[in-house]
Visitor: 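Below is one structure. I have some questions about it.
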Amino acid sequence: MSPVLLFVILIAYFALLMGVAWATSRNANNDSFYIGNKSSNWMLVAFGMVGTTLSGATFISVPGNVGLDAFGYGQILIGYVIGYIAVAFILLPLYYRLKLTSIYHYLDVRLGRRAYQSGASFFILSRLLGATARLYLVVNILQAIILDSLGVPFWLTTLVILGMILMYTYEGGVKTIVWTDTLQTSCMLIGLVACVVYLLTQLDMTVGQSLAAMDARGLSTIFTTDVDSPNFFLKQIVAGAFIVLTMTGMDQEMMQKTISVKTLKDSQKNLLSLTLILVIVLSLFLFLGGLLYLYAPLAGVTATGDKIFSAVVMGHLPAAVQIIFLVALVSALFPSADGAITALTSSFCIDLLGLKRRDDLSEADKVKWRQRVHLGFAFLFLLLVMGFKWADSPSMIVVILKLASYTYGPLLGLFAFGLLTTRRLNDRWVPAITIGAPILCGLVEFNQAYLLGTYRLGLELLMINGILVFAGLYGISSRERRDPAAVAA
């Protein structure tokens with residue numbers, strides 16, 4: 001298909017997003033931007049969060065990784081279910097009881113200002129790295145299938161896409177994103193189903209026959225029973241639960257949408273509905289990966305990993321499927337970046353600049369500060385995407401989960417200490433502990449062959465990181481409770 005036509009379709013899709021943004025951002029203010037005036041519909045939030053949770057990394061990397069780890073991602077998916085249930089019934093009641101706009105304010109109430117600022121800082125670092133890694137993956141594919149042939153450089157593609165995202169999030173924030181994410185999730189899922197149906201037709205197989213063929217090639221194996229392997233099933237299940245606890249329950253981007261729902265009960269329904277949808281959709285992504293690896297040899301495709309999906313679709317499937325793939329790919333791109341920039345802006349303004357506490361600033365001044373921060377994060381996104389382009393990893397889903405092990409570990413330790421103890425911190429040492437724990441984890445991982453023999457660390461690094469932070473906090477704490485009313489039930 002002509003790259004020019006694909007480019008026109010991309011522009012038309014963006015125009016649709018701008019129409020939604022215009023309709024939802026009228027009369028928007030800072031409360032609209034931060035938490036959607038706490039009036040979001042829970043069903044829309046649940047459905048839209050599917051797109052944010054999955055992102056372009058899931059759309060491209062999960063099917064691509066089947067060639068390496070078969071259906072091993074299913075082990076992590078089991079852990080996800082456990083994690084979402086824990087978030088719904090442990091963390092959400094806490095956030096609603098304290099009437100939080102930023103979830104990191106809990107750390108201020110319970111542990112102190114430095115713990116609060118440390119938690120917010122690690123969220124900012126985590127989301128910056130994770131969101132830009134996801135953004136890079138999709139931009140890189142758009143570059144390869146459309147823009148290279150038009151002579152557009154990668155940096156300009158990234159700049160224009162970030163400019164588009166700024167245009168439709170600049171005023172409305174969460175209020176707009178709840179609606180645009182719903183649209184984008186719908187397009188992404190339509191693309192997923194269309195690709196699965198077409199590949200089954202091309203292979204002339206039923207679902208059962210295709211699963212049998214995948215099993216014969218070793219593509220459908222879920223559980224790894226080698227205890228020394230980083231993919232050992234118990235490690236992956238437990239790690240999956242803690243990934244959700246941290247990357248959803250302790251992540252401002254995910255929680256600002258969830259707590260934008262009016263009542264706790266509806267917010268819990270939102271999260272449990274999201275869990276059910278994710279199980280179905282991620283299972284379908286794994287099935288798609290198996291189909292791609294069955295089809296690729298028949299079509300003479302040699303690409304693997306993150307490149308196989310686009311290589312099969314753009315090189316061997318008809319124009320209609322290519323258009324659906326492109327729209328689905330772009331739909332997977334935007335939720336991973338628009339919500340991140342909005343959440344990073346919210347956290348920086350509320351948690352680090354303290355704009356909600358600043359009585360010396362007018363509402364207009366606070367809006368101006370928020371808009372400047374929004375632009376600043378867009379610029380940081382551009383720099384980091386260019387950094388990932390330079391690194392060029394073959395499987396970004398692995399990179400994203402590895403980064404999460406280091407950057408979300410301190411958040412896990414901070415929240416766990418607040419929830420599981422009633423001790424009071426000498427919080428001036430909190431920044432040193434939250435920075436020192438990831439460094440220590442890095443040293444252990446780098447020297448694991450010497451320290452651990454044949455055992456290999458995997459996603460359990462997230463838990464080790466959190467335990468180290470918890471232990472460090474315990475060491476600088478005393479029996480006196482900071483504020484009995486603030487301690488979680």
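For the numbers below, each heavy atom of this structure counts, side chains included, while hydrogens, waters and symmetry mates do not. Since we're looking at a predicted model, the values are computed, not measured.
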Visitor: Looking at every non-hydrogen atom in both residues, tell me the closest pair between Met247 and Ala404 and how far apart they are.
Guide: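 Minimum heavy-atom contact is SD-CB, 3.6 Å.
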Visitor: Measure the CG-OG1 distance between Leu111 and Thr421 for me, rounded to the nearest 0.5 Å.
Guide: 7.0 Å
Visitor: Please report whether the ring centroid of Tyr116 lies less than 6.0 Å from that of Tyr104.
Guide: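 No, they do not, as the ring centres are separated by 6.0 Å or more.
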Visitor: Hey, does the side chain of Tyr96 reach the backbone of Ser267 with a donor-acceptor pair shorter than 3.5 angstrom?
Guide: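 Side chain of Tyr96 to backbone of Ser267: no pair is present.
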Visitor: Once you round to the nearest 0.5 Å, how far does CZ of Phe242 lie from CE of Met250?
Guide: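 Nearest 0.5 Å value for the CZ-CE distance: 8.5 Å.
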Visitor: Do any N or O atoms from the side chain of Asn465 and from the backbone of Tyr408 form a donor-acceptor pair under 3.5 angstrom?
Guide: no
Visitor: Measure the CG-OH distance between Leu98 and Tyr106 for me, rounded to the nearest 0.5 Å.
Guide: 8.0 Å
Visitor: Please step through side-chain contact (heavy atoms from CB on, under 4.5 Å) for the pair Phe154 and Tyr136, ending with a clear verdict.
Guide: CA-CA 10 Å; Phe154 181 87; Tyr136 155 73; 3.8 Å; yes
Visitor: Hey, does the side chain of Gln268 reach the backbone of Pro93 with a donor-acceptor pair shorter than 3.5 angstrom?
Guide: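 No, because the side chain of Gln268 does not come within donor-acceptor range (under 3.5 Å) of the backbone of Pro93.
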Visitor: Scan residues 431-446 for pairs that pass salt bridge (Lys or Arg N to Asp or Glu O under 4.0 Å), counting only residues two or more places apart or in two chains.
Guide: Lys402-Glu445
Visitor: Between Thr407 and Phe122, which heavy-atom pair has the shortest distance, and what is it?
Guide: O-CD2, 3.5 Å
Visitor: Could you walk me through whether Gln117 and Asp108 pass side-chain contact (heavy atoms from CB on, under 4.5 Å), step by step?
Guide: CA-CA 8 Å; Gln117 292 173 337; Asp108 189 14; over 6 Å; no
Visitor: Please evaluate residues Cys349 and Trp369 with respect to the criterion side-chain contact (heavy atoms from CB on, under 4.5 Å), reporting the C-alpha separation (whole Å), side-chain torsions for both, the decisive distance (0.1 Å), and the verdict.
Guide: CA-CA 8 Å; Cys349 290; Trp369 269 106; 5.6 Å; no
Visitor: Give the C-alpha distance, both sets of side-chain angles, the deciding distance and a yes or no for side-chain contact (heavy atoms from CB on, under 4.5 Å) between Leu286 and Leu282.
Guide: CA-CA 6 Å; Leu286 289 172; Leu282 284 171; 5.8 Å; no
Visitor: Is it the case that the side chain of Thr132 and the backbone of Leu129 share a donor-acceptor pair, with hydrogens and angles ignored and the cut-off at 3.5 Å?
Guide: yes
Visitor: Closer than 3.5 angstrom, by distance alone: can the side chain of Ser118 be matched with the main-chain N or O of Ala115 as a donor-acceptor pair?
Guide: no
Visitor: Specify the closest pair of heavy atoms between Val244 and Tyr84, including all atoms of both residues, with the distance to one decimal.
Guide: CG1-N, 3.5 Å
Visitor: Hey, is the main chain of Pro410 close enough, under 3.5 Å, to the side chain of Thr434 for a donor-acceptor pair?
Guide: no
Visitor: I need the minimum non-hydrogen distance between Gly119 and Leu411, along with the two atoms involved.
Guide: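 Here Gly119 and Leu411 meet closest at O-CD2, 3.3 Å.
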Visitor: At their closest point, which heavy atom of Leu278 faces which heavy atom of Leu77, and how far apart are they?
Guide: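 Distance-wise, the nearest heavy atoms are O-CD1, 4.4 Å.
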Visitor: Could you measure the distance from the OG1 atom of Thr248 to the CG atom of Asp251? Nearest 0.5 Å is fine.
Guide: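 The distance works out to 7.0 Å.
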Visitor: With rounding to the nearest 0.5 Å, note down the distance linking CG in Leu91 to CG in Leu419.
Guide: 6.0 Å
Visitor: If only atom types and distance count, is the side chain of Tyr80 paired as donor or acceptor with the main-chain N or O of Ile243 below 3.5 Å?
Guide: no
Visitor: Quick one: pull up CD1 in Ile341 and CG in Leu162 and give me the separation to the nearest 0.5 Å.
Guide: 5.5 Å
Visitor: Taking all non-hydrogen atoms of both residues into account, name the closest pair between Arg423 and Ser478 and its distance.
Guide: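 Closest pair (atom of Arg423, atom of Ser478, distance): CB-O, 3.1 Å.
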